[in-house]
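Protein chains get the first letters and strands the later ones, always in sequence-line order, with residue 1 at the start of each. Because the structure is predicted, anything quoted here is derived from the model rather than measured.
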Amino acid sequence: MSTFSGTMRCSSTVGVNIGVLALQGNVSEHIHAFRQALTGMGLAESSRVDTLRHPDEIGALDAIAIPGGESTTISRLIIKNRMYDPLASFSGGIFATCAGMVLMATGVDDPRVATLGLMEMDVTRNAFGRQKESFEADIQIKGLDKPFHALFIRAPVATRTGPAVSVTGRIDAGFVALEQGKHMALAFHPELGNDYRLHERFIKNLI
Amino acid sequence: MKLEELRFGTELLKRGFASMQKGGVIMDVVNAEQAVIAEQAGAVAVMALERVPADIRKAGGVARMADPEKIVEIMDSVSIPVMGKVRIGHFVEAQVLEALGVDMIDESEVLTPADEQFHIEKTQFSVPFVCGARDLGEALRRIAEGAAMVRTKGEAGTGNVVEAVRHMRNIMGEIRALQGLNSQEIVDRARDLEAPAALLAETVKMGRLPVVNFSAGGIATPSDAAMMMQMGADGVFVGSGIFHSSNPEKMARAIVEAVNHYNEPAVIAEVSKGLGDAMKGLDVHLLRDDEVLQYRGR
């Protein structure tokens, strides 16, 4: 299990190689956010953040980001591009937001999405309803001293978790921030703001 | 978290929703069966209509918002976002679609305009809007009114990509031509474009439109879709091109894959094999002025 305290030390000689799954969704925002976070941590020079489009690129990566988008579309394209098995057996960390969180789950309420089963949790897609129920709120995240301003856009929630999962954020409707080993799943969109604390914590857990 | 501290319908949420559609294909559908085909093919959203644009052209008369019953039928059939079209300036049709709970409203030139002077004041709505544009000035005016997404207009219902290409080249070229202008020159240029200077300055700084920009109006094949992506579109709308082709399921899947692999000609070649007939299409030069949809709204 990783720690949540953020006490691990970063050496400037340690870099990480991050691939943002670029099948559909807000890919460029994730690349930008990770680059900003790495710059803030003094790791920009030694690290690499790029798009991930082909299964043969996965082996060289320390981490993968699965962005928000439409989970039915991304799920279909993962299978079509022969990325399902390499992703499901990936040994690095995965940073998954919104649709990405749905894909990480062991269980989902919808047969239209083939999840990767990498985190022991059941998720509900579009748990709040349609776009008009999308909202912004300040939420508490375990390990962060100040609240995180979160955008929930047709967001999922996790309703049940297994023992390997740590819930780090919850709202009335369910669990919205979760970690399992090096993986982090978020129902909201930290890549759409300029607060990179969660990206930084994910990177710290990798090294 | 207290309920009164939640904020709904903000600019950030509207633009965020649009951002989630990037790299995707949004398909026109007229019933639940077509919506399911679109979703299974990998569409990121569907546009719920009573008729696709090619059939609106044929039908003539005044084209209005679809029957709410039709829209609800489609909303109930899929899990992906559902969009609906309203007439340019028809803010009550927009209120109706917002009340139905559609995920995005297209204020569209494909329908007969309700107001020849004003577009809808989109900042007054909590639902995000997409609007058509033929050039940078038009795009920025729509964004200033509150559009969370722009789509180049092209010429809907023709199956002819030539106008989509023209409008994408216009917008991209105009943005490239702005690079290096100082703040005084930007204000001057904004006056020519009839667009707010602050939005133009933001566009110059970003080197792109400040909201997601899709391509629409005439895309009929996987190659058409990939070409628009290579020209800088963030995603594509396909209207009549899918359900007016001889094998809609196959065409829908092929266009989704072509958009996903828009820079890989070998993949586009593979998915383009044996698709049957694309929609027949129209030569836009043979249209009478009153048949050209892109002239609606400015």
Intermediate values then yes/no, side chain to side chain donor-acceptor pair (under 3.5 Å), S19(B) and E29(A): CA-CA 9 Å; S19(B) 182; E29(A) 288 83 350; 2.9 Å; yes
side-chain contact (heavy atoms from CB on, under 4.5 Å) between E264(B) and H54(A), intermediate numbers included: CA-CA 12 Å; E264(B) 297 169 77; H54(A) 296 283; 3.0 Å; yes
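In this structure, E45(A) places its CD atom where only 12 or fewer heavy-atom neighbours from other residues, nucleotides or ligands lie under 6.0 Å away. Taking a 6.0 Å sphere around CD of E11(B), one finds it holds more than 12 heavy atoms contributed by other residues, nucleotides or ligands. Applying the 6.0 Å contact sphere to CZ of F91(B) captures no more than 12 heavy atoms from other residues, nucleotides or ligands. A 6.0 Å sphere centred on CZ of R82(A) holds no more than 12 heavy atoms belonging to other residues, nucleotides or ligands. Around atom NZ of K80(A), no more than 12 heavy atoms belonging to other residues, nucleotides or ligands sit under 6.0 Å away. No more than 12 heavy-atom neighbours from other residues, nucleotides or ligands sit within 6.0 angstrom of CD on E33(B).
Interface remark: of the candidates T72(A), I74(A), N81(A), N81(A) forms the most heavy-atom pairs closer than 4.5 Å to chain B. Between chain A and the residues P128(B), G235(B), S126(B), the largest count of heavy-atom pairs under 4.5 Å involves P128(B). Residue with the most contacts toward chain A among A41(B), P81(B), G101(B): P81(B) (heavy-atom pairs, distance under 4.5 Å).
Only the side chain of R112(A) comes within contact range of chain B, judged by heavy atoms closer than 4.5 Å. Only the backbone of A22(A) has a heavy atom closer than 4.5 Å to any heavy atom of chain B. Heavy atoms of M75(B) lying under 4.5 Å from chain A belong to its backbone as well as its side chain. Contacts of K132(A) with chain B are made by both backbone and side-chain atoms, with heavy-atom separations under 4.5 Å. Residue contact with chain A, scored on non-hydrogen atoms closer than 4.5 Å, is absent for A45(B). Using a 4.5 Å cut-off between heavy atoms, A99(B) contacts chain A through its backbone alone, with no side-chain atom that close. At a 4.5 Å heavy-atom cutoff, V212(B) makes no contact with chain A through either its backbone or its side chain. For chain A, the nearby part of E98(B) is the backbone; its heavy atoms alone come within less than 4.5 Å. With a 4.5 angstrom heavy-atom cutoff, V127(B) does not touch chain A via any of its atoms. For L77(A), the part lying under 4.5 angstrom from a heavy atom of chain B is the side chain only.
If you take CG on L6(B) and CD1 on I171(A), they are separated by 8.0 Å, rounding to the nearest 0.5 Å. Rounded to the nearest 0.5 angstrom, E70(A) CD and I26(B) CD1 are separated by 9.5 Å. The distance from atom NE2 of H149(A) to atom CZ of R7(B), rounded to the nearest 0.5 Å, is 5.5 Å. The distance from the OG1 atom of T10(B) to the CD atom of E136(A) is 3.5 Å, given to the nearest 0.5 Å.
With a 4.5 Å cut-off on side-chain heavy atoms, Q24(A) and V259(B) do not count as touching.
Of all heavy-atom pairs between D103(B) and R154(A), the closest is OD1-NH1, 3.0 Å. In terms of heavy-atom proximity, K22(B) sits nearest to S28(A) at NZ-OG, 2.9 Å. The two residues L192(A) and M20(B) make their nearest non-hydrogen contact at CD1-CE, 3.9 Å. Nearest heavy-atom pair across L13(B) and F152(A) is CD2-O, 3.9 Å. Of all heavy-atom pairs between E133(A) and F8(B), the closest is O-CE2, 3.5 Å. Nearest heavy-atom pair, N126(A) versus S79(B), reported as atom, atom and distance to 0.1 Å: ND2-O, 3.2 Å.
Using a cutoff of 4.0 Å between basic side-chain nitrogens and carboxylate oxygens, E39(B) and R76(A) are not scored as salt-bridged.
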